[in-house]
Amino acid sequence: MSYKDKVYVEDLAKHIDQEVELNGWVYNKRGKGKLQFILLRDGTGTAQCVVIKGNLSDEMFEEAKSLTQESSIKVKGKVVANEKAPGGYELDTSNIEIYQISKDYPITPKEHGDSFLIEHRHLWLRSSRQHAIMRVRAAIQKAIRDFFDNSGFKLMDSPMFTPNACEGTSTLFETEYFDLGKAFLSQSGQLYAEATAMSLGRVYTFGPAFRAEKSKTRKHLTEFWMVEPEMAFFDLEDNMQLAEDLTVYIVKYVLDNCQKDLETLERDITKLEKITGNFPRLSYTEAVKWLNDNDIPLIKKIDGEDVEIRPFPWGEDFGAPQEEALMEQFDQPCFIYDYPADIKAFYMKRDPENNKVVKAMDMLGPEKAGELIGGSQREDDIELLEARIKHEELDMDDFQWYLDLRKYGSVPHSGFGMGLERTVKWITGAKHIRECIPFPRMIHRIIP
RNA sequence: UCCUGAGUAGCUCAGUUGGUUAGAGCAUCUGACUGUUAAUCAGAGGGUCCGGGGUUCAAGUCCCUGCUCAGGAGCCA
């Protein structure tokens with residue numbers, strides 16, 4: 001028998017009244033004397049196996065009674081449609097073969113605390129909720145690749161070891177690199193995406209990014225995945241439109257392909273169905289005006305005390321309270337663009353008409369999703385870029401290759417980064433980002 | 001890094017003003033049950049009350065200290 005002939009729970013509807021063989025793990029068992037219900041999960045779903053004394057040997061029936069949670073088995077039986085069965089189909093069991101009996105599986109069907117679950121992440125992944133989130137994550141990754149692959153983009157992989165910082169220097173993970181001194185784990189593939197965009201026109205990189213920020217929130221990981229498109233001849237307007245189209249595509253793809261998982265997650269899909277395009281756009285200056293019209297202050301820590309400053313001063317970055325207040329009025333994501341240059345990265349393009357402003361944009365998600373995307377048009381003027389690198393006190397030698405991109409055929413170009421786990425968190429409604437990646441890396445946790 | 005809270009059975013938690021032998025549900029084990037849906041019912045086993053120090057006739061409970069965890073802030077995707 002070829003592996004292609006294997007039957008999985010998700011295919012049961014195609015095998016009604018046929019004898020099939022399923023391999024999997026015991027998710028739960030309910031005994032009723034001479035009748036046992038075994039809930040078997042195999043990665044594609046769960047199916048109820050009905051074991052009736054007399055339909056198989058007495059020894060086998062006793063073995064079935066002794067099965068424990070997460071024991072691994074092979075079952076043979078006839079597929080029967082039955083309304084009482086979870087999923088609508090069940091297996092009328094005629095044979096059971098045990099791979100291994102699991103003993104004292106730690107995660108029971110009752111509640112558990114956060115830290116217990118995260119310590120058992122390698123097992124927690126088997127729970128139905130985590131299973132559903134991982135499936136949606138995979139669907140989102142596929143949607144992202146399909147979107148770009150079908151719109152003329154090429155996938156380009158950027159290196160993980162880098163000699164320099166792309167964002168702030170204080171948040172880099174360091175490592176020794178042979179005789180060349182220190183190397184850093186990449187915070188972003190953007191600079192390399194820019195170089196490849198000058199070769200291929202439209203590219204995207206999709207990989208992990210590492211940030212040693214000492215953030216301790218439910219939106220932060222030290223290792224997270226980011227998709228970063230970079231496009232030659234795109235201005236900020238084009239950039240925002242692309243980000244919007246990508247977002248709409250992802251949400252639609254998940255709605256079309258993950259109904260069951262969204263149901264398991266009890267996600268309110270009416271909220272997702274509203275994501276259809278024409279996202280609101282506000283300049284930073286308009287956003288500050290809105291904050292002040294609605295009497296939302298800047299909150300600053302001065303000598304350990306929270307101080308409210310009103311009106312909100314132009315030039316300060318938004319924090320969680322401002323973003324949330326702003327987003328409450330929208331049920332689609334929203335773009336904020338044209339930020340003060342002083343609070344943004346060195347590579348962002350100065351507005352030629354206002355040198356206090358850079359052509360940057362953030363896309364904030366609804367339902368308190370926070371920042372899902374950050375991007376900008378890039379500085380294409382070599383002199384302005386050199387000045388910015390000096391101003392940020394970055395090492396000019398490390399950036400010579402990057403400056404070459406402005407020396408040899410510099411063009412207007414733009415790109416953005418979308419945080420995969422934050423997008424998964426928003427779409428699944430997960431309450432913590434640690435549930436949105438198989439093995440989260442956080443400030444105080446590296447095992448498992 | 002800062003602020004706040006928590007740590008009692010394998011898990012989730014209760015434990016009064018400091019007072020006999022520290023409790024419950026789930027899980028585990030034993031038994032009953034032919035349609036269960038986190039099955040139910042009867043019984044059993046299971047504890048270094050996070051570590052260290054202190055107050056007291058007496059500490060799970062009060063005080064100091066360390067560790068671990070969670071929530072929030074800042075920073076960011």
Side-chain angles (χ1 to χ4, degrees), chain A residues 27-39 46 48-55 61 65-66 68-70 80 82-87 90 92 102-120 127-128 166-168 170-171 187-190 208-228 243 298-306 316-321 323 343-345 362-365 369-375 416-426 431-434 436-437 442-445:
Chain A
Y27 194 67
N28 198 2
K29 190 189 66 171
R30 290 182 276 270
K32 192 82 176 78
K34 290 172 181 149
L35 175 62
Q36 302 286 320
F37 298 95
I38 297 164
L39 214 50
T46 54
Q48 176 165 278
C49 305
V50 184
V51 186
I52 297 171
K53 192 166 183 170
N55 288 8
F61 185 80
K65 270 176 87 166
S66 75
T68 52
Q69 198 189 350
E70 290 303 314
V80 184
N82 187 331
E83 279 179 18
K84 288 182 195 164
E90 62 185 20
D92 198 349
S102 150
K103 191 132 175 47
D104 296 331
Y105 185 70
I107 302 180
T108 65
K110 279 274 182 171
E111 319 142 28
H112 296 282
D114 294 333
S115 67
F116 178 81
L117 288 171
I118 200 69
E119 277 161 25
H120 294 84
S127 304
S128 59
C166 174
E167 310 284 337
S170 60
T171 59
Q187 300 167 304
S188 159
Q190 180 202 313
F210 306 89
R211 295 195 186 171
E213 288 157 10
K214 294 193 173 164
S215 310
K216 198 175 152 332
T217 80
R218 49 181 133 171
K219 287 184 196 166
H220 284 85
L221 294 165
T222 56
E223 178 182 324
F224 66 98
W225 281 63
M226 186 154 64
V227 59
E228 295 171 281
L298 171 71
I299 299 163
K300 253 203 164 163
K301 270 232 156 61
I302 297 171
D303 297 330
E305 296 264 318
D306 282 342
E316 291 286 340
D317 210 353
F318 301 140
E323 283 183 6
I343 56 172
K344 289 289 176 183
D362 282 348
M363 190 186 85
L364 307 177
E371 189 179 339
L372 301 171
I373 284 177
F416 62 83
M418 171 186 255
L420 176 64
E421 289 75 18
R422 286 191 181 174
T423 305
V424 173
K425 180 173 181 286
W426 167 47
K431 63 181 199 293
H432 199 297
I433 201 163
R434 69 184 153 219
C436 299
I437 185 168
M442 292 172 296
I443 178 165
H444 289 131
R445 191 173 297 281

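The sequence lines fix the lettering, A, B, ..., with proteins before strands; numbering per chain opens at 1.
- The residue A:Leu420 sits apart from the nucleic acid: no heavy atom pair falls under 4.0 Å.
- By the ring-ring contact (aromatic ring centres under 6.0 Å, His included) test, A:Tyr105 pairs with no residue at all, sequence neighbours left out.
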Hey, what are the protein-to-nucleotides 67-75 of chain B N/O distances that come in under 3.5 Å?
from: B:rC69; atom 1: OP1; to: A:His444; atom 2: O; distance (Å): 3.3
from: B:rG71; atom 1: OP1; to: A:Arg434; atom 2: NH2; distance (Å): 3.2
from: B:rG71; atom 1: O3'; to: A:Arg218; atom 2: NH2; distance (Å): 3.3
from: B:rG71; atom 1: N7; to: A:Lys216; atom 2: NZ; distance (Å): 3.1
from: B:rG72; atom 1: OP1; to: A:Arg218; atom 2: NE; distance (Å): 2.3
from: B:rG72; atom 1: OP1; to: A:Arg218; atom 2: NH2; distance (Å): 2.1
from: B:rG72; atom 1: OP2; to: A:Arg218; atom 2: NE; distance (Å): 3.3
from: B:rG74; atom 1: O6; to: A:Lys216; atom 2: N; distance (Å): 3.3
from: B:rG74; atom 1: N2; to: A:Lys214; atom 2: O; distance (Å): 3.3
from: B:rC75; atom 1: O2; to: A:Ser215; atom 2: OG; distance (Å): 2.6
from: B:rC75; atom 1: N3; to: A:His220; atom 2: NE2; distance (Å): 3.2

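- For the salt bridge (Lys or Arg N to Asp or Glu O under 4.0 Å) test, residues two or more places apart in sequence or in another chain that qualify with A:Lys344 are A:Asp362.
- Here A:Phe37 does not count as stacked on B:rG35, because the ring centres are not under 5.5 angstrom apart with planes under 30°.
- Searching all strands for a Watson-Crick or G-U wobble partner of B:rU30 with both distances below 3.5 Å returns B:rA42.
- Between A:Val50 and A:Thr68, the residue whose closest nucleotide on RNA chain B is further toward the 5' end is A:Thr68.
- Taking only distance into account, the side chain of A:Glu90 meets the base of B:rG35 through a donor-acceptor pair shorter than 3.5 Å.
- Atom CH2 in A:Trp225 sits roughly 15 Å away from atom C1' in B:rA77 (whole-Å rounding).
- Contact annotation: side chain of A:Gln48 to base of B:rU36, donor-acceptor pair present below 3.5 Å.
- Taking atom NE2 on A:His120 and atom P on B:rG10, their separation rounds to 12 Å, with Å as the unit.
- Base pairing of B:rG5 is made with B:rC69, judged by Watson-Crick or G-U wobble geometry with both donor-acceptor distances under 3.5 Å.
- Nucleotides B:rC69 and B:rC29 have their C1' atoms positioned 32 Å apart, rounded to a whole Å.
- Counting to the nearest Å, the C1' atom of B:rG7 and the CZ atom of A:Phe116 are 15 Å from each other.
- Taking atom C1' on both B:rA44 and B:rC50, the two are 29 Å apart, rounded to the nearest angstrom.
- With sequence neighbours left out, the salt bridge (Lys or Arg N to Asp or Glu O under 4.0 Å) criterion links A:Glu119 to no other residue.
- Across B:rA14 and B:rG54, the matching C1' atoms stand 28 Å from one another, rounded to whole Å.
- Side chains of A:Ser102 and A:Gln69: a donor-acceptor N/O pair is absent below 3.5 angstrom, by distance only.
- Using a 4.0 Å heavy-atom criterion, one finds that A:Pro86 contacts the bases of the nucleic acid, with or without backbone contacts as well.
- Rounded to a whole angstrom, the distance from the P atom of B:rG66 to that of B:rA27 is 41 Å.
- When the C1' atom of B:rG35 is taken as reference, atom NZ of A:Lys53 falls 18 Å away, rounded to whole Å.
- When the P atom of B:rC76 is taken as reference, atom CD of A:Gln190 falls 15 Å away, rounded to whole Å.
- Take A:Glu70 and apply the side-chain hydrogen bond (donor to acceptor under 3.5 Å, both in side chains) test, not counting sequence neighbours, and it matches A:Arg41, A:Arg126.
- Heavy-atom minimum distance, A:Val424 versus A:Cys436: CG1-CB, 3.8 Å.
- B:rU56 and B:rU68 have their P atoms separated by 32 Å, with the value rounded to a whole Å.
- With the nearest nucleotide of RNA chain B identified for both A:Ile52 and A:Met226, A:Ile52 has the one nearer the 5' end.
- When the P atom is compared between B:rG71 and B:rU12, the two are found 14 Å apart, to the nearest whole Å.
- To the nearest angstrom, P of B:rC33 lies 10 Å from CZ of A:Phe61.
- Across the protein-nucleic acid pair, A:Ile38 atom CD1 and B:rU36 atom C1' stand 12 Å apart, rounded to whole Å.
- To the nearest whole angstrom, the two P atoms, one in B:rU30 and one in B:rG35, are 23 Å apart.
- On the C1' atoms, B:rA42 is 41 Å away from B:rG5, given to the nearest whole Å.
- For A:His220, the ring-ring contact (aromatic ring centres under 6.0 Å, His included) criterion is met by no residue, not counting sequence neighbours.
- No engagement by A:Leu39 is indicated, since no non-hydrogen atom pair under 4.0 Å with the nucleic acid exists.
- Between A:Ile107 atom CD1 and B:rU28 atom P the separation is 14 Å, expressed in whole Å.
- A parallel orientation is assigned to the rings of A:Phe116 and A:His112, their planes being inclined by less than 30° (bins at 30° and 60°).
- A:Gly31 comes within 4.0 angstrom of a nucleotide base, judged by non-hydrogen atoms across all strands.
- Judged by Watson-Crick or G-U wobble contacts below 3.5 Å, the nucleotide B:rC75 has no partner.
- Considering all non-hydrogen atoms of both residues, A:Gln190 and A:Glu228 come closest at N-OE2, 3.6 Å.
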